[in-house]
Amino acid sequence: MAVAGANRVVRIGGATASFSDTALSVPQLLAGGRLDYLIFDYLAEGSMGIFGRMQAADPQAGYGTDFLTVHVGPYLHEIAAQGLKVVANAGGVNPAGLAAALERMIGEADLSLTVAYVDGDDLRPCIEELRAAGHRDMFTGAPFPENVISANAYLGAFPIAAALAKGADIVVTGRVVDSAVVLGPLIHEFGWRPSDFDLLAAGTLAGHLLECGAQITGGTFTDWRDVPDWANIGFPIGECQADGSVVITKPEGTGGLVSIGTVAEQLLYEVSDPADYIVADVRCDFSNVKLEQIGKDRVRVTGARGRPPTDSYKVCVTFDGGWRCIAYQPIIGEDAVEKAKRQGEALFARARALLRSRNMPDFSLTDMVMIGGEASFGAHRQQVETRELICKLVADHPDAQGAQIFAREQWAGISGMSVGTSINLATNVLPMTGIFLFLLDKRTVTARVTFDGATEEVPVPPGVPSGARAPASRASLPAPADPGDVPVDLVQLAWARSGDKGQLFNVAVIARHPKYLPYLDTALSPDTVSEWYRHFGPGDEAPRVDRYAAPGFHALNFVIHDALVGGINASTRLDPAAKGMAQMLLRFPIPVPAALAVELGGTPPSGKGN
């Protein structure tokens, strides 16, 4: 394990936020990054099911092929010439297969790069034992599923550090915590120990900031007009030091933006309680992190704190959930919403009659989503009348044949139902993938590293019982607003970012200036936010909302429960990834003193329409 001097800087470039991310990032970072490490995050709950289905069709598959053909394979000579190391969770459900393919490619290129892979996360051999143990979903309480596609524990960073200590130039893994692809190199470079909780939390934060690629350099930023040159947006570089501090920047001459706002948005992305962010190696407290703009496109991040890790791993199981037909029907003309609703109901009824005539079961779910009528905004929609929209029709069935019946029948709308129905933009029948999440005792999982033909187990500290949690860091209850206050849009006072996590979503609200936080704190109670998102609640109920504070950078974080039924793979909503949920909050009225309202001017900093 390398131990660096106190002033040494380890430069880590974050190249991908998903397995399908841009081909731009790697050549850009190699040309201008002056890197020690290049890291890739390929995996998410949804992608594990994709890789599992790939391997079911071909036992040699199940990993991210773009790693070989797009992101790393074409640049092996440059990676070798620069002497940088690569860490990626691109192994999916078959890291050994990816490592073997990569080694063949390296041999064909006549290079001497070495490869290690981390596994032990794949729990498919233990499925019947896990089912018999009675595990239930940690969010919904659902029983253990049948027809499992993949089952993986989220391993930590120490196996990656062990692989680097053996001399590996490229480390590929199966399912690890997203931030582990950065924390592993930092453990290796700085000699951090399992008991260095503050440092492990700081390294986890660096990983959390870097692993979503351009999301921290201006991608998906609230003030999108302030972000130059999306076409050549710069990918992030973390300048990491042994004390846990990191400076976030990007290659010179690239587009994008690194500011307190872009970094703060990514810091709270999908975090839930920022004072108790739990990963495999440590429990993190990000609530008092400090962000400093220390130069153009340079933000210094300090102040993460850590506590002992829990005694369990998070496990993600994906399973076959039947079949889904999705049809997109353009509806044009007066009363478009009303016409689309009647047509959808008629098509579902007709398809149900066909199912009954063939003695087939009913659809397990049907739904209509009106795209273009601001249905996602609920009671806060601005348009009174919509004269064109796309009606998304969803029909789920246990069998592919049942979904195909609806796929065929929905075409009849163009000639036998609503006036203004145009040619269907797309109709797909696809297998449904469900997600099941639970916690598993770390002692039942063995992490392994394979390097140079030898496999070794990597011991992991057992952690402490997960019941010994610190109290949730909830924000104080809001005080009543002054009767003389004037309402302004939230976007004039704050940045906001949202993202999904299973069947819930997070919305972060970060004050643009510390003096704005008390007004946000007053107006944004759990009850008022719940009411704002009422149309996403179960049935006729408003969703349950938890509220947390991050005073270090003047922010609030909201968790909206049970608003994405089925999660990212199965939700029928227009935005199952919850990328736009924060956008729906930007016009929330925040009462402020009249003088401040005049100072703000009434126009958001980046203009109306954010």
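Only a predicted model underlies this, so the values are computations on that prediction, with no experimental measurement involved. We number each residue from 1, following the sequence as shown.
Between Arg573 and Asp500 there is no salt bridge, since no side-chain nitrogen of the basic residue lies less than 4.0 Å from a carboxylate oxygen of the acidic one. One finds a salt bridge joining Asp178 and Arg175 here, because a Lys/Arg side-chain nitrogen approaches an Asp/Glu carboxylate oxygen to under 4.0 Å. For Arg547 and Asp521, the salt-bridge test passes: some basic side-chain N is under 4.0 Å from an acidic carboxylate O.
Listed by chain and number, the residues in a salt bridge (charged side-chain N to carboxylate O under 4.0 Å, His left out) with Lys442 amount to none (sequence neighbours excluded). Partners of Asp137 according to the salt bridge (charged side-chain N to carboxylate O under 4.0 Å, His left out) rule, which considers only residues two or more places apart in sequence or in another chain, do not exist here. Not counting sequence neighbours, the partners of Arg131 by the salt bridge (charged side-chain N to carboxylate O under 4.0 Å, His left out) test are Glu128, Glu146.
Side chains of Asp527 and Ser525: a donor-acceptor N/O pair is absent below 3.5 angstrom, by distance only. Inspection of the Asn557 and Asp273 side chains reveals no N or O donor paired with an N or O acceptor under 3.5 Å. With hydrogens and angles left out, the side-chain atoms of Thr140 and Gln503 include no donor and acceptor closer than 3.5 Å. Side-chain atoms of Ser150 and Thr318 form a donor-acceptor pair, as typed in the model, at a separation below 3.5 Å.
In this structure, the ring of Phe436 has its center no less than 6.0 angstrom from the ring center of Phe319.
Looking at heavy atoms from C-beta onward, Leu520 lies in side-chain contact with Leu490 at the 4.5 angstrom threshold.
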Step by step, work out the salt bridge (charged side-chain N to carboxylate O under 4.0 Å, His left out) result for Arg11 and Glu239.
-> CA-CA 5 Å; Arg11 290 173 58 88; Glu239 298 176 351; 2.6 Å; yes

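When each of Val507, Leu524, Val529 is tested with Val545 by the rule side chain to side chain contact (heavy atoms under 4.5 Å, CB included), just one qualifies, namely Val529.
Under the 30°/60° scheme for interplanar angles, the aromatic rings of His535 and His380 are found to stand perpendicular. Using bins of under 30°, 30° to 60° and over 60° for the plane-to-plane angle, the ring pair Tyr42/Phe40 lands in the perpendicular bin.
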